[in-house]
Participant: 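Please read through the structure below; I'll follow up with questions.
Values in this document were obtained by computation on a predicted structure and should not be read as measured data.
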Number of protein chains: 2
Amino acid sequence: MSRPIILGIVGDSAAGKTTLTRGIAQVLGPENVTLICTDDYHRYDRQQRAETGITALHPDCNHLDIMQQHLALLRTGQPILKPVYSHKTGTFEPPQYIKPNKFVIIEGLLGYSTRAARDAYDVKVYLAPPESLRADWKIKRDTQKRGYTKEQVLAELEKREPDSEQFIRPQRQWSDIVVTFYPPNDNETENGGHLNVRLILRPTIPHPDFTQILHPDNDDSESPVRLGLDRDMGKPVDVLEVDGHATLEQVNKIEHVMCNDMPYLRNVCDREINPELGKIAGTTGETLQSYPLAITQLIVTYHMLKATQGHS
Amino acid sequence: MSRPIILGIVGDSAAGKTTLTRGIAQVLGPENVTLICTDDYHRYDRQQRAETGITALHPDCNHLDIMQQHLALLRTGQPILKPVYSHKTGTFEPPQYIKPNKFVIIEGLLGYSTRAARDAYDVKVYLAPPESLRADWKIKRDTQKRGYTKEQVLAELEKREPDSEQFIRPQRQWSDIVVTFYPPNDNETENGGHLNVRLILRPTIPHPDFTQILHPDNDDSESPVRLGLDRDMGKPVDVLEVDGHATLEQVNKIEHVMCNDMPYLRNVCDREINPELGKIAGTTGETLQSYPLAITQLIVTYHMLKATQGHS
């Protein structure tokens with residue numbers, strides 16, 4: 001009997017966690033996936049936070065001991081009675097009984113903040129969009145779905161910045177993959193399916209050998225699909241970049257590297273079997289095809305499948 | 001660092017669980033005790049139970065896997081996020097964060113129904129009043145505190161009887177102590193502080209050596225404090241009986257046996273230090289002194305203290 005495979009998706013508020021989570025769940029098959037948002041482990045409800053001035057980003061505002069306890073239980077396949085925080089009302093509701101499926105995706109603000117929690121994941125992703133893009137996303141979401149005004153969102157962002165700095169962004173160091181969607185030009189903001197992606201691949205998990213796609217002259221700085229060496233938080237990493245205007249032919253090379261190593265992934269790459277791969281809602285609700293998103297979904301899926309082989 | 005000591009108080013609805021639990025918590029010092037009622041682990045709320053016809057006594061109506069998980073966590077001193085069922089509204093509320101104190105008392109209907117749950121307790125008590133007395137107690141409580149009519153309570157008792165038979169009463173076999181308060185004459189019912197008690201002491205935990213109180217001629221069948229051999233559910237047990245009309249002098253002999261073995265218990269026995277020992281509310285709310293209850297509280301406390309020595 002194999003245990004569930006646990007994926008972490010951590011990042012600041014409106015960094016794109018839910019979008020990435022849903023896309024990967026779609027690729028893995030929703031019936032195989034248990035989704036958990038660590039916001040449910042808040043210690044104080046919205047009113048209590050407003051009264052005391054503590055932000056949801058502060059470790060003290062969360063039952064991190066219970067979060068890591070539940071992660072450890074899920075990792076061994078045990079059910080949990082998960083607390084439920086309603087973003088709509090800002091209050092807690094009765095808990096939910098959850099039996100983990102084959103894959104468990106944990107998304108949240110502070111998922112990597114304790115050692116015991118970090119030990120529970122098979123794959124750890126950190127989302128790090130440029131702050132200007134994150135502000136755009138947060139304004140859009142919180143005004144449309146959580147009943148705030150634009151001014152309230154901007155004030156909240158400013159209020160939260162010290163906690164983002166102190167508690168959220170340092171978690172980047174614990175991730176296996178840092179995902180940064182960014183507009184092609186620095187002064188542009190949200191651009192739907194045409195965002196580029198920068199994937200920082202930390203050598204903490206066995207990534208596919210992407211050096212196969214390097215040009216023979218080892219200079220692909222002009223290519224819409226690029227692999228390069230860099231340091232992230234002082235440590236050596238590979239950086240895979242895919243531009244929003246890359247063609248299917250160009251991204252196919254990366255897909256083949258992954259599929260050769262993980263044959264099951266061929267079904268996932270097949271656009272006829274998986275029409276949702278890389279699909280994203282544009283600014284006016286229309287569906288766009290993003291190859292940068294598709295590659296991001298595929299590499300995370302690659303690692304989830306790889307992890308199932310580790311103990312099958 | 002020592003782990004919490006866990007006491008189980010199991011018995012059917014209105015068997016006197018809460019009364020015994022509160023009394024023991026009082027004796028151990030409320031600040032040292034964490035009280036947990038397993039009714040909080042119901043799977044269905046009152047309305048769902050009414051719709052499907054399942055009773056709260058049925059294992060399927062409870063998250064027994066989560067209950068035993070939480071028991072195992074508490075036993076190792078870990079905090080839990082405990083579900084909350086409101087008997088007043090019949091619905092679930094947001095969960096509560098609970099860090100175990102030195103002593104944890106778990107009271108409920110199905111506390112001994114799984115092997116893993118049973119393994120979590122240091123001391124297991126089962127409450128078995130005569131069914132006629134339990135019916136009196138249930139009518140009194142449910143009409144006064146839970147908004148039912150006498151007819152509804154009687155109908156509920158009848159409806160629950162098959163589940164009581166199948167799921168509740170068999171748990172008696174797993175207990176270390178079976179507590180039966182009973183009226184001196186069979187045809188009497190509730191009689192306040194004057195109920196007798198029959199304590200079945202199963203040799204599964206190290207009971208004090210009560211043979212010291214046996215009369216030299218080994219016949220104390222007429223004494224208001226009696227020790228005898230018997231079988232319970234087919235297995236040999238000691239039976240300690242204390243009548244409601246026993247005098248303080250007569251029960252003092254039993255208290256001394258326990259105190260000699262467990263010196264700290266002297267403070268507990270001291271009526272000046274512990275005026276609440278053996279106190280119980282009479283039928284009209286007045287406070288009565290019950291020596292049978294006092295002895296019951298003391299022997300359970302004896303075992304709780306004994307358990308702390310096992311791993312200090």
Side-chain angles (χ1 to χ4, degrees), chain A residues 1 3-4 34 36-49 54 59-100 106 108 110 114-117 119-120, chain B residues 1 3-4 34 36-49 54 59-100 106 108 110 114-117 119-120:
Chain A
M1 210 184 64
R3 62 165 180 81
T34 300
I36 288 177
C37 175
T38 65
D39 290 350
D40 288 327
Y41 293 87
H42 285 339
R43 184 189 295 263
Y44 305 114
D45 64 19
R46 191 178 291 160
Q47 194 188 333
Q48 290 170 321
R49 294 198 303 269
I54 195 169
D60 291 349
C61 190
N62 294 273
H63 289 302
L64 294 182
D65 52 352
I66 302 292
M67 182 194 79
Q68 73 182 26
Q69 180 187 90
H70 284 191
L71 277 172
L73 289 164
L74 292 169
R75 187 180 166 87
T76 57
Q78 292 179 70
I80 59 167
L81 207 53
K82 189 185 67 60
V84 176
Y85 174 77
S86 163
H87 277 287
K88 204 168 167 190
T89 63
T91 60
F92 297 104
E93 297 181 352
Q96 271 179 333
Y97 180 85
I98 292 190
K99 243 184 148 72
I106 314 279
L110 292 165
T114 71
R115 166 70 191 264
D119 284 348
Chain B
M1 211 182 65
R3 63 165 180 81
T34 299
I36 289 177
C37 175
T38 65
D39 290 350
D40 288 327
Y41 293 87
H42 285 339
R43 184 189 294 263
Y44 305 114
D45 64 21
R46 191 177 291 160
Q47 194 187 333
Q48 290 169 321
R49 294 197 303 269
I54 195 170
D60 292 349
C61 190
N62 293 273
H63 289 301
L64 294 182
D65 51 353
I66 302 292
M67 182 195 80
Q68 73 183 29
Q69 179 187 90
H70 284 192
L71 277 172
L73 289 165
L74 292 169
R75 188 182 166 86
T76 57
Q78 292 179 71
I80 59 166
L81 208 53
K82 189 185 66 60
V84 175
Y85 174 78
S86 164
H87 276 287
K88 205 169 167 189
T89 63
T91 61
F92 297 105
E93 297 181 352
Q96 271 180 335
Y97 180 86
I98 292 190
K99 243 184 148 73
I106 314 278
L110 292 164
T114 72
R115 165 71 190 262
D119 284 348

Participant: Between A/Q69 and chain B, with a heavy-atom cut-off of 4.5 Å, which part of the residue counts as in contact: side chain, backbone, both or neither?
Facilitator: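 Answer is side chain: those atoms of A/Q69 sit under 4.5 Å from chain B.
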Participant: Going from CD1 on A/I80 to NE2 on B/H70, what distance comes out if it is rounded to the nearest 0.5 angstrom?
Facilitator: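 A/I80 atom CD1 to B/H70 atom NE2 measures 9.0 Å (nearest 0.5 Å).
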Participant: Chain B heavy atoms under 4.5 Å from A/I66: which part of the residue, side chain, backbone, both or neither?
Facilitator: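 Looking at A/I66, just its side chain touches chain B.
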Participant: So how far is it from B/L81 CG to A/Y41 OH, rounded to the nearest 0.5 Å?
Facilitator: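 So the CG of B/L81 and the OH of A/Y41 are separated by 8.0 Å.
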